[in-house]
Number of protein chains: 2
Amino acid sequence: MATKQIPYKIYLEENEMPKAWYNLRADMHNKPAPLLNPETLQPMTAADLSGVFCDELIRQELDDTTPYFPIPQPILDFYRMYRPAPLVRAYCLEEKLQTPAKIYYKFEGNNTSGSHKLNSAIAQAYYAKQQGLRGVTTETGAGQWGTALSMACAYLGLDCKVFMVKCSYEQKPFRREVMRTYGASVTPSPSMETAVGRRILAEHPGTTGSLGCAISEAVEAATSMEGYRYVLGSVLTQVMLHQSVIGLETKTAMEKYGIKPDIIIGCAGGGSNLGGLIAPFMGEKLRGEADYRFVAVEPASCPSLTRGVYAYDYCDTGMVCPLAKMYTLGSGFIPSASHAGGLRYHGMSPVLSQLYDDGLMEAVSVKQTEVFAAAEQFARVEGILPAPESSHAIKVAMDEALRCKQTGEEKTILFGLTGTGYFDMMSYEKFHDGRMDDYIPTDGELAEAVAKLPKVE
Amino acid sequence: MATKQIPYKIYLEENEMPKAWYNLRADMHNKPAPLLNPETLQPMTAADLSGVFCDELIRQELDDTTPYFPIPQPILDFYRMYRPAPLVRAYCLEEKLQTPAKIYYKFEGNNTSGSHKLNSAIAQAYYAKQQGLRGVTTETGAGQWGTALSMACAYLGLDCKVFMVKCSYEQKPFRREVMRTYGASVTPSPSMETAVGRRILAEHPGTTGSLGCAISEAVEAATSMEGYRYVLGSVLTQVMLHQSVIGLETKTAMEKYGIKPDIIIGCAGGGSNLGGLIAPFMGEKLRGEADYRFVAVEPASCPSLTRGVYAYDYCDTGMVCPLAKMYTLGSGFIPSASHAGGLRYHGMSPVLSQLYDDGLMEAVSVKQTEVFAAAEQFARVEGILPAPESSHAIKVAMDEALRCKQTGEEKTILFGLTGTGYFDMMSYEKFHDGRMDDYIPTDGELAEAVAKLPKVE
């Protein structure tokens, strides 16, 4: 029998869209280590967390056993405004590479935030609204998460306060303007608005900021204002839970056409996209129902999985957040200023860290000039101009497809195309003008940051 | 019987997508007046046009009788990379406005060019490639057309040379960078590369350029290079033909769910989007099969339909292009420097001009601050951050919906959401900062430009 013809883009019908998020931890044999209270070094309780996070999100954060969480109807309604995201067959890329491999990508960029971040932003904003809060605070680096959160807050009528890493604030005025369009207030970080910001500015007067520092400011702002909570766009397990919608849609779409991926590839910064994409596939693997290769792709300039250590570390620079056991380069690690491609967080999702440590997932690091070269090649044949972050996955998917060309194997490759690069043209310009380097941290630099890890037995 | 539930977004299946473009002129009782040779003032023949345009496009340009042109398979394949475009039910906007009206929009912004322009760009590039040409030249203002053409050329392996209005080139470096990513060469216009550019620079040393001037340069470049032709993103009837794919998809999607629009609204600069959206509906009206209200929306600062004259005029500043009979403000008219919202062409598609003159279509002009206010309101409830051009249609669709609220009528309103505003954040910033004015040309200014129209009996 001939296989059903595969469309260029597979869109699920609205009634085929997931009605519940999948909690991968319920199927993990080795659960991720608990978050620790930064003062007592004891596991965080719901009570410990309640000043920082919304109650329902704390419940999701700490739940290791419930496999599915129903998605509330208002979130389903919001999802319908920009989802289902298409699963695209990369026919043109396959032809360009002359590969026998079949390449698919799940494209999450068809919304104004430009990425998958909206999937968790609306969930976190919704629970804040449900709890009767006035607003939320957060940090943003490249700006995708901040944009997503401001969109969700505008929709729900919630106040939104974003601390944006200062160098991004200055280099990406248009991102900031998008957030303003959605009514968010955007503050360059470090700022004089918080004690931790003032402390960091006093210690490092010329600093252009970091994600870890902006997190500290956002947490302080949330805990010092009545009716506010802090929300985070990656790393946390609640974020992976919401992002499972990516993998669930993908799996349903593939099954509809009888497609089974051999390799699943995603870029990894804090792990929100990769974790969401692989979740239901990894669940099958953990339950012994199917097998897949999973590949995390990270920048060579910020290689937490491939060159970091698996240890308890602070999630932020100001050390006000809980400690998480994760692959980390040390919370003091800051990627080189020449690093253009996003994915600049020092740590990695505790869930993904555990899976990687258990040998269930591979990781590879790639240099940024080869990432941008892959991005440009992809754009020219597939049309979409990808975000630098997403292009890490493109690069490795292309490598795998070219390997198939050599071996003649007809593998099915799936990767996550997390977003578009419309607000990253300054980095593309650097690439076109030959002004982009491939700085890789030395072993000495990495050892220095790791030496400062907190001592937790 | 309950009506079939309408999804938030209606996507056609690939096999439901149009296989042929619809040529509205075949059904027009009064045909648009012919283009005139600028030297002889006689109707342009195919031979006259062959140095400027590709042969097949000339055939399409001059055909007043063939109702359907089959879409070649390679163009259908390209369309499948980013089409079908969704027809969206604006549930959230309806709720926000508390209107009994049903609002739909056809969203053409889900591709990297950010607009509907890609529909004609791929067609024009394809025919150039078929004819064995080396490349094409064009002009671009805001940059959507140039981006679209560079994407199409990259896909087909065709050289692409874009003359970009100088003020846009300087104010929108990222648009330029997107075109570079797709391998196009981009020259600020007026430039020293062409005789007409040098002449204009000599006469107006500090000029920041205009669309009419960039057109002249692109035409000169095409005719002076071996193996090149000129392509244009709007105004021409061939462009309206290709853009009919918008209306055809929309009509099929509506009929699938038993929806019939009462009012169809589109923004109008040169007319490519509006002409494409209304084509099959207007065809029905011309054939007496159905009736609809059609509304063209233009900026108050460049009001060719509402305040222009219906006369033969030059399409470009350098007067090297054919003359077209159209609603025009005079080819010497340049909108105020404070005009931020696109749609700045002095004339209007001859097809739409004839329909308007025949009373088959209405036109209305709107001020830019109310356009941006509507854009922001739309973004906050519907998620998508719209292009300023598209927001002209949003504004009038909202006005019509609010009128329904007053009268209690449950009208069905359809409008074209031509694109996204991600590269227009500088204009949004002006709006947010209260630095945007609503300059409207005086009667005296308009009379001055019209007085210079060519004398054609």
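Quick note on labels: first sequence line is chain A, next is B, and so on, each numbered from 1.
Residue with the most contacts toward chain A among B:Arg89, B:Glu13, B:Met81: B:Met81 (heavy-atom pairs, distance under 4.5 Å). Chain A forms more heavy-atom pairs under 4.5 Å with one residue of B:Leu385, B:Leu118, B:Thr112 than with any other, namely B:Thr112. Among A:Phe431, A:Tyr155, A:Phe372, A:Tyr91, the residue with the largest count of heavy-atom pairs under 4.5 Å with chain B is A:Tyr155. Considering only heavy-atom pairs separated by less than 4.5 Å from chain A, the leading option among B:Pro173, B:Ala154, B:Ser113, B:Gly109 is B:Ala154.
The minimum heavy-atom distance linking A:Thr181 with B:His432 is given by the pair OG1-CE1, 3.0 Å. Nearest heavy-atom pair, B:Met151 versus A:Gly383, reported as atom, atom and distance to 0.1 Å: CE-O, 3.4 Å.
At a 4.5 Å heavy-atom cutoff, the contact between A:Val178 and chain B is made by backbone and side-chain atoms alike. Looking at A:Pro84, the atoms closer than 4.5 Å to chain B (heavy atoms on both sides) sit in the backbone and in the side chain alike. Residue contact with chain B, scored on non-hydrogen atoms closer than 4.5 Å, involves the backbone and the side chain of A:Asp77 alike. Of the atoms belonging to A:Phe423, it is side-chain heavy atoms, and not backbone ones, that fall under 4.5 Å from chain B. Looking at A:Cys92, only its side chain comes within 4.5 Å of chain B, counting heavy atoms on both sides.
To the nearest 0.5 Å, the span separating CD1 on A:Ile384 from OH on B:Tyr82 amounts to 12.5 Å. For the atom pair B:Arg180 CZ and A:Met425 CE, the distance stands at 9.5 Å (nearest 0.5 Å). How far OG of B:Ser150 is from CZ of A:Arg380: 9.5 Å, rounded to the nearest 0.5 Å. To the nearest 0.5 Å, atoms CZ (B:Phe78) and OH (A:Tyr8) are separated by 10.5 Å. One distance of note links OH of A:Tyr422 with CZ of B:Arg175; it measures 9.0 Å at 0.5 Å rounding. To the nearest 0.5 angstrom, B:Thr420 atom OG1 is 11.5 Å from A:Asn111 atom CG.
When each of B:Met426, B:Glu429, B:Lys430 is tested with A:Glu177 by the rule side-chain contact (heavy atoms from CB on, under 4.5 Å), just one qualifies, namely B:Glu429.
Enclosure of atom CD in B:Gln73 by more than 12 non-hydrogen atoms of other residues, nucleotides or ligands within 6.0 angstrom is indicated.
Under the 3.5 Å distance criterion, the side-chain polar atoms of A:Tyr11 are left unmatched by any main-chain donor or acceptor of B:Leu12. No donor-acceptor distance shorter than 3.5 angstrom exists from the side chain of A:Arg80 to the backbone of B:Lys9, with no hydrogens or angles considered.
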